A.B. asks: 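To start, I am sharing the structure in question, which I have written as structure tokens.
None of these values were measured; they are calculated from a predicted model. In this chain, residues are counted from 1 in sequence order.
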Amino acid sequence: MAVKLGHGDDEVGEIADINVTPFIDVALVLLIIFMVAAPLSTVDVPVDLPTSNAKVQPRPDKPVFLTVKRDLSLSLGEEGVPRDGLRGRLDAETGGDRDRRVFLRADAGLPYGDLMDVMNALRSAGYLKVALVGLEDTGQGAAPGSAP
């Protein structure tokens, strides 16, 4: 024995609800893309940066990073650059805009005189806006100069 509980018409009426399943799918895909792409957008030249307790400054959209490694080799972004070709590579990277800030990353074990040589090379190339990059001092780490 079968029972029919309808009013006689078999048509399904229009549903006025919004289907959010495709929206959630797209949001999750974008989240995964950003989670994968975010670590790739940072500079990946290994260098032991010193800590700093200065206030963190906002970073521009496309910063220019110059890295001085412990062996005194230079890297502009992630590519190595010879000292005599520094001016040309910086001009190519900044489009000739000498007022653009150059973020200088230097190894913590680098002698002060060697760091000044690189800063003098930047000055002679016409780049006077130099920002020194360091690790943020949270007050929980080891004292500066101590081994980890």
A.B. asks: Please find the pair of heavy atoms, one from Ser73 and one from Asp71, that lie closest to each other, and give the distance.
C.D. replies: OG-OD1, 2.7 Å
A.B. asks: Looking at Arg98 and Ala125, would you say the former's side chain and the latter's main chain have a donor-acceptor pair under 3.5 Å?
C.D. replies: yes
A.B. asks: In this structure, would Phe103 and Leu74 fall into the same cluster of hydrophobic residues linked by side-chain contacts under 4.5 Å?
C.D. replies: no
A.B. asks: What's the verdict on side chain to side chain contact (heavy atoms under 4.5 Å, CB included) for Leu104 and Val118, showing C-alpha distance, side-chain angles and the deciding distance?
C.D. replies: CA-CA 9 Å; Leu104 184 60; Val118 174; 4.0 Å; yes
A.B. asks: Is Phe65 linked to Leu86 within one hydrophobic cluster, defined over Ile, Leu, Val, Met, Phe, Trp and Tyr using a side-chain heavy-atom separation of less than 4.5 Å?
C.D. replies: no
A.B. asks: Using side-chain heavy atoms (C-beta onward) and a distance below 4.5 Å, is Asp114 in contact with Asp117?
C.D. replies: yes
A.B. asks: With Glu93, which of Arg100, Arg87, Lys62 fulfils salt bridge (charged side-chain N to carboxylate O under 4.0 Å, His left out)?
C.D. replies: Lys62
A.B. asks: With hydrophobic residues grouped by side-chain heavy-atom distances under 4.5 Å, do Val20 and Leu30 end up in a single group?
C.D. replies: no
A.B. asks: Is the number of heavy atoms from other residues, nucleotides or ligands within 6.0 Å of CD1 (Ile18) greater than 12?
C.D. replies: no
A.B. asks: Treat each ILVMFWY residue as a node, draw an edge where side-chain heavy atoms are under 4.5 Å apart, and state whether Leu66 and Tyr112 are in one component.
C.D. replies: yes
A.B. asks: For the residue pair Asp97 / Tyr127, report whether a side-chain donor-acceptor contact shorter than 3.5 Å exists.
C.D. replies: no
A.B. asks: Between Leu90 and Leu122, does a side chain to side chain contact (heavy atoms under 4.5 Å, CB included) hold up when you go through it step by step?
C.D. replies: CA-CA 9 Å; Leu90 277 171; Leu122 285 170; 3.4 Å; yes
A.B. asks: If we only count heavy atoms from C-beta on, is the Lys69 to Leu110 side-chain gap below 4.5 Å?
C.D. replies: no
A.B. asks: Please say yes or no: joined through hydrophobic side-chain contacts below 4.5 Å, possibly via intermediate residues, are Leu128 and Val64 part of one cluster?
C.D. replies: no
A.B. asks: Measure across Leu72 and Arg83 and return the closest heavy-atom pair with its distance rounded to 0.1 Å.
C.D. replies: O-NH2, 3.2 Å
